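Notes follow the structure.
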Amino acid sequence: MRVLVTGGAGYIGTHTAVSLISAGHEVEIADNLVNGKAEAVRRVEEITDTSIPLHVVELTDQEATDDLVAQGSYDGVVHFAGLKAVGESWREPLAYYENNIGCTTSLLGALARHDVKMFVFSSSATVYGANAPVPYQEDYEPLEAASPYGQTKVMIERILRDVAQADPTWRIALLRYFNPVGAHPSGRIGEDPKGIPNNLLPFIAQVAVGRREKLSIFGGDYPTADGTCERDYLHVDDLAEGHVAALDAIARRDPGVGAWNLGGGRGTSVLQMLRAFERAAGRELPHEIVERRPGDLPAFWADTTRATEQLGWTAKRTIDDTCRDTWAWQSQNPQGYPEE
Ligand code: UFG
């Protein structure tokens, strides 16, 4: 298939581009390069030994988006483009609503006009909110999310269901990611957060490479085995392969909308993650237990039955694989991608 990957210069987008190309798809990337990097796309070209058109475009610009889709002859779209920092979304909610929802409706309009009706959306486990029973199952309702970022995911899922209800020829996958971590084993592409990392693995990796003094563990008194929070960490290459499986599945299934959890189906604590990273880096890493971070849930992970049965996909890589690959990326690129 000819696939347009929006947000394809970002962390999950680049890894998904590699998996799509490895599976025989043709890929083009659209990105506004606010978080994504052109250098990351160049490295995907190097890993896959292909040439990938990079369209630098604001998807909120309806005319530019229409032009992009009009020239592309795409069969399907994997839509990652959007702002993604939970904390920032509390400070700048309008930016999140305008950008994430605006770029999705603009894109959907262009796709409808040019009859491209296969769409994979980058959703999040955050749509289950604070009250869903663990493990999270796809048919849980009502969807709600604490942060403005999470609310944009809930709203876009709703928009996509409405679009498919109005035009039943759409084939749409809502992929609810758990905690994406890791990097391509080559160490050439990986997660390169702006400023101080909010997420656990990038923070630990920056401690290991000497950019941060020590890890603060947010809370040691949760009702979990070792007192620290548990999450369902998922290697980004497993996640990327989940997108390829979802695209194949919606192409062969009846049209309509499906939601699938992409997770490993098990919880790992912050301390277990730290220990695994210490094994990968070959040394102990400074850390201290501090106050809980507001809004954190004690423990959640995915029920992955539906993805296994309907997509034929399961996560294969271990936490040790994940930490080894993150360390390969961080140690080879201590400051992330070079400035452009
Ligand atoms: N943590 C620390 N220290 C840090 C960073 C994180 O102890 O410096 C802990 C957190 O308290 C949490 C765990 O590590 O227990 C994981 O935290 P992350 O920030 O890596 O991930 P979250 O589970 O908080 O975030 C994820 C996704 C978001 C999503 C959010 C909703 O990354 O996209 O879940 O809860 F919105």
Side-chain angles (χ1 to χ4, degrees), residues 1-38 40-45 47-48 50-84 99-123 156-157 159-160 163-164 167 169-175 177 189 236 239-252 255 257-258:
M1 276 187 242
R2 273 179 64 76
V3 184
L4 176 67
V5 180
T6 75
Y11 171 46
I12 305 174
T14 44
H15 290 81
T16 299
V18 171
S19 291
L20 284 166
I21 293 165
S22 306
H25 297 290
E26 249 181 276
V27 167
E28 295 198 4
I29 286 175
D31 203 297
N32 64 3
L33 302 182
V34 165
N35 284 313
K37 297 275 174 66
V41 176
R42 282 194 286 278
R43 293 187 184 190
V44 173
E45 291 181 313
I47 291 168
T48 57
T50 55
S51 152
I52 304 171
L54 168 62
H55 305 276
V56 179
V57 60
E58 287 292 349
L59 295 174
T60 46
D61 178 339
Q62 294 188 15
E63 217 177 293
T65 304
D66 198 273
D67 290 347
L68 170 73
V69 175
Q71 61 78 43
S73 309
Y74 304 117
D75 300 299
V77 175
V78 184
H79 179 44
F80 294 105
L83 300 172
K84 59 174 184 178
N99 184 79
N100 291 8
I101 293 173
C103 79
T104 306
T105 54
S106 157
L107 178 61
L108 289 169
L111 295 174
R113 281 189 293 279
H114 299 284
D115 203 29
V116 183
K117 302 278 181 67
M118 206 155 359
F119 195 83
V120 177
F121 175 58
S122 169
S123 189
I156 293 168
E157 286 203 10
I159 290 168
L160 288 166
V163 163
D167 173 356
T169 65
W170 280 91
R171 297 167 178 274
I172 296 174
L174 311 173
L175 302 184
Y177 313 155
I189 54 173
V236 66
L239 179 60
E241 288 164 10
H243 290 73
V244 179
L247 201 58
D248 289 349
I250 58 175
R252 67 167 187 266
V257 183

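Bear in mind the structure is a predicted one, so any value in this text is a computation, not a measurement. The analysis underlying the following values was restricted to heavy atoms, covering all of them including side chains, and did not include hydrogens, waters or symmetry mates.
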Inset, instruction - Could you pull out all residues at least two apart from Asp67 that satisfy side chain to side chain contact (heavy atoms under 4.5 Å, CB included)? - result: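 Residues passing side chain to side chain contact (heavy atoms under 4.5 Å, CB included) with Asp67: none at all.
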Legend entry - Partners passing side chain to side chain contact (heavy atoms under 4.5 Å, CB included) against Pro255 (at least two apart in sequence or in another chain):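 Listed in chain order: Arg171.
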Student check: side-chain heavy atoms of [X] and [Y] closer than 4.5 Å:
X	Y	answer
Leu108	Trp170	yes
Val57	Asn32	no
Arg2	His25	no
Val120	Val77	no
Leu174	Val257	yes
Tyr74	Leu68	yes

[X] side chain vs [Y] backbone, donor-acceptor pair below 3.5 Å:
X	Y	answer
Glu45	Ile52	yes
Ser106	Leu59	yes
Asp66	Ala110	no

Quick check: closest heavy atoms across [X] and [Y], and the distance to 0.1 Å?
X	Y	result
Ala9	Ala40	O-CB, 3.8 Å
Ala38	Leu33	N-CD2, 3.8 Å
Gly8	Ile29	O-CD1, 3.4 Å

State the [atom1]-[atom2] distance between [X] and [Y], to the nearest 0.5 angstrom.
X	Y	atom1	atom2	value
Leu20	Met1	CG	CE	9.0 Å
Leu247	Asp75	CG	CG	9.0 Å
Ser51	Arg42	OG	CZ	12.5 Å
Leu175	Phe121	CG	CZ	9.5 Å

Inset, instruction - Begin with the C-alpha distance, continue with both residues' side-chain angles, and end with the deciding distance and a verdict on side-chain contact (heavy atoms from CB on, under 4.5 Å) for Phe119 and Leu107. - result: CA-CA 10 Å; Phe119 195 83; Leu107 178 61; 3.8 Å; yes
Inset, instruction - Among residues two or more places apart or on two chains, list those pairs meeting side chain to side chain donor-acceptor pair (under 3.5 Å) that have a residue in residues 5-23. - result: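 Found Thr6-His79.
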Inset, instruction - Begin with the C-alpha distance, continue with both residues' side-chain angles, and end with the deciding distance and a verdict on side-chain contact (heavy atoms from CB on, under 4.5 Å) for His114 and Gln71. - result: CA-CA 10 Å; His114 299 284; Gln71 61 78 43; over 6 Å; no
Inset, instruction - Taking side chain to side chain donor-acceptor pair (under 3.5 Å) as the test, write out the residues that go with Gln62, two or more places apart. - result: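 Expected list: none.
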Legend entry - For Thr50, all residues meeting side chain to side chain donor-acceptor pair (under 3.5 Å), sequence neighbours excluded: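 For Thr50 the side chain to side chain donor-acceptor pair (under 3.5 Å) partners, ignoring immediate neighbours, are Thr48.
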Legend entry - Evaluation steps, side-chain contact (heavy atoms from CB on, under 4.5 Å), between Met118 and Val3: CA-CA 9 Å; Met118 206 155 359; Val3 184; over 6 Å; no
Legend entry - Pairing residues for Tyr177 by the ring pair (Phe, Tyr, Trp, His ring centres under 6.0 Å) criterion, not counting sequence neighbours: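 Listed in chain order: His243.
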Legend entry - Asp31 and Lys37 ion-paired at < 4.0 Å: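 Salt bridge absent between Asp31 and Lys37.
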